Enquirer: 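Sharing a structure below in structure tokens format, with a few things to ask.
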2 protein chains.
Amino acid sequence: METLGGITGRSLTVAELVDVLRSAIVGGDLVPNQRLVEADLAAEYGASRGNIRAALAELTVEGLVERVQNRGARVRAVSVEEAVEITEVRAALEALCARKAAERITADEAAELQKLAGRMKDAVERGDRDSYSECNQILHARVIDISAQQTAAATIHRLRGQAVRFQFRLARQPGRPAVSLPQHLAIIDAVCAHNPDAAAHAMRVHLESVADVIRSTHT
Amino acid sequence: METLGGITGRSLTVAELVDVLRSAIVGGDLVPNQRLVEADLAAEYGASRGNIRAALAELTVEGLVERVQNRGARVRAVSVEEAVEITEVRAALEALCARKAAERITADEAAELQKLAGRMKDAVERGDRDSYSECNQILHARVIDISAQQTAAATIHRLRGQAVRFQFRLARQPGRPAVSLPQHLAIIDAVCAHNPDAAAHAMRVHLESVADVIRSTHT
DNA sequence: GTACAAGAAATTGTTGACAATCTTGAATGT
DNA sequence: ACATTCAAGATTGTCAACAATTTCTTGTAC
């Protein structure tokens, strides 16, 4: 065991450890149900056990780690049912953000989103999945950003971390872009047209269709 | 300083401390912006500083406590703007729950809600604010319960803790029951009628009106 | 009188050691 | 061979001491 990529000089602080461990979990370096033995992690990351322990406690509250009394911590395994629930909550929250974004969007921001719409159409036409996936992420992030809803943004971000594994598979689904592109364009249109109700509806429909796909992967 | 109400024999565990401190904060024993000095809390609750520290870390992630590097912890002061945001997020999430509840509700549960509707009308007629307030809480709790949405429920619960101070004042607002009673009845009707869209809409309208009231208290 | 600087006090951050608990596996009896 | 008991090892939970940082106080120069 050796220190992985960190600044090897001093030992890591709790906040740093939280970031490092969170990245390791959402990035898949630590797989679901993997045991997280405090002493081992301490040796691996060159930190004291106390700090590792504190970091695990924080990640537990965030929902990425599961702990049972006297039996230690594991990477929380999110079931399909939970992933569906999480996506449905995201649907509700991002619909709220889309609504607020439609109320607040400026002309410059609208132009930016229209440009993004063009890039997305282009990517689908060319069959460029990576570019489309990137635009997808940018779109959701920009809508949340424009909405200026701190509370909703923080909640969405936390939930996304828990279900990122499922989101990941989804992008590779064949024929998926053909379904989601018109949904994305509808969101952009409604937000740019300052139509809050339509924007919220379009976003909700989009993410509920994502939830349906996740649901269908299990059956 | 002495131990407050706890079992004085052994010292408190981290999980117990989290509960005790959370209750103290949402209950108002620890007021917003109050400094939370680890050593003082340790003495007050008869716990070790390490455990107090761990508990404060958890409550920070929950959003009840604010910490800055090397400067300690305070009870987080939720601004009016934040309280409005929190209520808007709750509106989106409880609307989701109302939608799901309308899909899943059984005949027995519907009868129970109808009975609750009667109690609420009765309480408003008699001018019994305490009873009405209690029914209000029960209604929201039951809808969330019937929806069986764990993720949404947990998120709502956390957010409620942060904004409970504002919710509290609201109930005392004169003329408030006259406005909220029809909204509550509309929610119950839609959920019992298995009408998901109407239920979600009624719940959203209700909680957005709550957000408006909170907004207006600041201006 | 005010601004600045240095030291003291208070407070937080970190660590290693010890205690409590759970798990594993061998020994024993049936 | 199988179940039970019990001891050894592994792991987590708790604590008190030490280090680092911030804040407060005091003294001094201008």
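Convention: sequence-line order gives letters A, B, ...; per-chain numbering from 1. Just so we're clear, the structure is a prediction, and the values are computed from it rather than from any experiment.
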Enquirer: Return the CG to CG distance between Leu12(A) and Leu17(A), rounded to the nearest 0.5 Å.
Expert: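 So the CG of Leu12(A) and the CG of Leu17(A) are separated by 5.0 Å.
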
Enquirer: Which part of the nucleic acid does Leu36(B) contact within heavy-atom distance under 4.0 Å: base, sugar-phosphate only, or nothing?
Expert: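 Answer is sugar-phosphate: Leu36(B) comes under 4.0 Å of backbone atoms only.
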
Enquirer: Measure from CD on Gln69(B) to C1' on dT21(D) and round the result to the nearest Å.
Expert: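 Distance, rounded to whole Å: 9 Å.
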
Enquirer: Figure out the CZ/C1' separation between Arg35(A) and dT11(D), and round it to whole Å.
Expert: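 For the pair Arg35(A) CZ and dT11(D) C1', the rounded distance is 7 Å.
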
Enquirer: Please give, in whole Å, the distance from dT12(C) C1' to Asp40(B) CG?
Expert: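 Computing the Asp40(B):CG to dT12(C):C1' distance gives 13 Å.
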
Enquirer: Counting only side-chain heavy atoms from C-beta out, which of dT11(C), dT15(C), dT14(D) sits nearest to Asn51(A)?
Expert: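 Ranking dT11(C), dT15(C), dT14(D) by closest atom to the Asn51(A) side chain puts dT15(C) first.
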
Enquirer: If I take atom CG in residue Leu56(A) and atom P in nucleotide dT11(D), what distance separates them, rounded to the nearest angstrom?
Expert: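 So the CG-P distance, Leu56(A) to dT11(D), works out to 14 Å.
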
Enquirer: Check whether any side-chain N or O of Arg74(A) sits under 3.5 Å from a backbone N or O of Asn33(A) as a donor-acceptor pair, and report yes or no.
Expert: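 Pair found, side chain donor or acceptor close to backbone of Asn33(A).
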
Enquirer: Could you give the CG-to-P distance, from Leu41(B) to dT12(C), as a whole number of Å?
Expert: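 Rounding to the nearest Å, CG of Leu41(B) and P of dT12(C) are 9 Å apart.
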
Enquirer: Among dC22(C), dC15(D), dT22(D), which is the nearest nucleotide to the side chain of Arg71(A)?
Expert: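 Output: dC22(C).
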
Enquirer: Between Arg74(A) (CZ) and dT12(D) (C1'), how many Å, whole number?
Expert: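 After rounding, the reported distance stands at 14 Å.
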
Enquirer: Please give, in whole Å, the distance from dG9(D) P to Asn70(A) CG?
Expert: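 Spelled out: CG on Asn70(A) to P on dG9(D) is 21 Å.
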
Enquirer: Looking across every strand, which nucleic acid part, if any, lies under 4.0 Å from Leu17(B) by heavy atom: base, sugar-phosphate, or nothing?
Expert: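 Answer is nothing: Leu17(B) stays at 4.0 Å or more from every strand.
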
Enquirer: Which nucleotide wins on minimum distance to the side chain of Ser48(B), given the candidates dG13(C), dC15(D), dT11(C)?
Expert: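 The closest nucleotide is dC15(D).
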
Enquirer: What residue among Glu88(A), Glu81(A), Glu82(A), Glu85(A) forms side chain to side chain donor-acceptor pair (under 3.5 Å) with Thr151(B)?
Expert: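 That would be Glu85(A); it is the only one of Glu88(A), Glu81(A), Glu82(A), Glu85(A) passing the side chain to side chain donor-acceptor pair (under 3.5 Å) with Thr151(B).
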
Enquirer: Is the shortest side-chain N/O distance from Arg53(A) to OP1 or OP2 of dG13(D) below 4.0 Å?
Expert: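 Yes, because at least one side-chain N or O of Arg53(A) sits under 4.0 Å from OP1 or OP2 of dG13(D).
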
Enquirer: Closer than 3.5 angstrom, by distance alone: can the side chain of Glu103(B) be matched with the main-chain N or O of Ser147(B) as a donor-acceptor pair?
Expert: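 Side chain of Glu103(B) to backbone of Ser147(B): no pair is present.
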
Enquirer: Just checking Gly72(A): base, sugar-phosphate only, or nothing, at a heavy-atom cut-off of under 4.0 Å?
Expert: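 Result for Gly72(A) = sugar-phosphate.
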
Enquirer: Could you say whether Arg49(A) or Val37(B) is positioned toward the 5' end of DNA chain C, judged by the nucleotide with the nearest heavy atom to each?
Expert: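 The residue closer to the strand's 5' end, by nearest nucleotide, is Val37(B).
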
Enquirer: I need the CD1-P distance between Ile52(B) and dC15(D), as an integer number of Å.
Expert: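 Between P of dC15(D) and CD1 of Ile52(B): 10 Å.
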
Enquirer: Taking the side chain of Arg67(B) as its heavy atoms from C-beta onward, which of dT14(D), dT14(C), dG13(C) lies nearest to it?
Expert: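 The answer is dG13(C), which lies nearest to the side chain.
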
Enquirer: Hey, is Arg67(A) close enough to Glu38(A) for a salt bridge, meaning N to O under 4.0 Å?
Expert: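 Looking at Glu38(A) together with Arg67(A), the answer is yes, because their closest N to O distance falls below 4.0 Å.
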
Enquirer: OP1 or OP2 of dG13(D) sitting under 4.0 Å from any side-chain N/O of Thr13(B)?
Expert: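 No, Thr13(B) has no side-chain N/O under 4.0 Å of OP1/OP2 on dG13(D).
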
